[in-house]
Amino acid sequence: MMETANVDHSLTQENIRDYVAQLQLHMALQAKNLVPTLTQSNDPRQQLLHETQATVEKLVSRQRL
C-alpha cells in the first residue's frame, strides 16, 4: 500500500516538474521576444516549436551542475 502511495506521489511530482519546466521556458523565451504568446494554433510548425522548446528546457532544467 505504501509503495502505491509513493509511486503516485512520484508521478505527481514529475507532472509538476514538467509543468514548471514548460512554464519557465515559455517565460524566458517570451521575455526575449523569441516566441509569440502561447495560443492554440492550427499551425503544426508552431505547435512543434513549442513542444520542442519545452522538451529542451525540461532536459536542461534537470541536469545537475
Side-chain angles (χ1 to χ4, degrees):
M1 187 65 106
M2 280 298 271
E3 288 181 24
T4 303
N6 287 339
V7 169
D8 288 341
H9 183 67
S10 294
L11 289 174
T12 300
Q13 284 183 328
E14 183 71 18
N15 289 339
I16 291 171
R17 285 187 199 118
D18 288 349
Y19 172 76
V20 170
Q22 290 178 10
L23 185 60
Q24 287 173 332
L25 168 68
H26 178 70
M27 291 172 65
L29 293 175
Q30 195 166 17
K32 295 178 182 180
N33 294 321
L34 295 177
V35 293
T37 57
L38 277 179
T39 57
Q40 288 293 65
S41 172
N42 291 333
D43 184 1
R45 294 174 299 167
Q46 273 192 333
Q47 290 174 347
L48 180 60
L49 172 65
H50 287 292
E51 290 170 16
T52 302
Q53 290 169 333
T55 301
V56 168
E57 177 64 23
K58 189 185 331 179
L59 294 172
V60 169
S61 70
R62 293 181 182 169
Q63 288 181 349
R64 304 236 182 229
L65 297 177

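Numbering of residues begins at 1 and proceeds along the displayed sequence. Computed from a predicted model, the values in this text were never measured in an experiment.
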Pairwise distance CD(E51) to CD(Q22) - rounded to 0.5 angstrom: 9.0 Å

Taking atom CG of L48 and atom CD of Q46, what is their separation to the nearest 0.5 Å? 11.0 Å

Linking Ile, Leu, Val, Met, Phe, Trp and Tyr through side-chain heavy atoms less than 4.5 Å apart, which residues share a cluster with Y19? I16, V20, L23, M27

Listed by chain and number, what are the side chain to side chain contact (heavy atoms under 4.5 Å, CB included) partners of L59, not counting sequence neighbours? T55

Got a second to check how far K58's NZ is from R17's CZ, nearest 0.5 Å? 12.0 Å

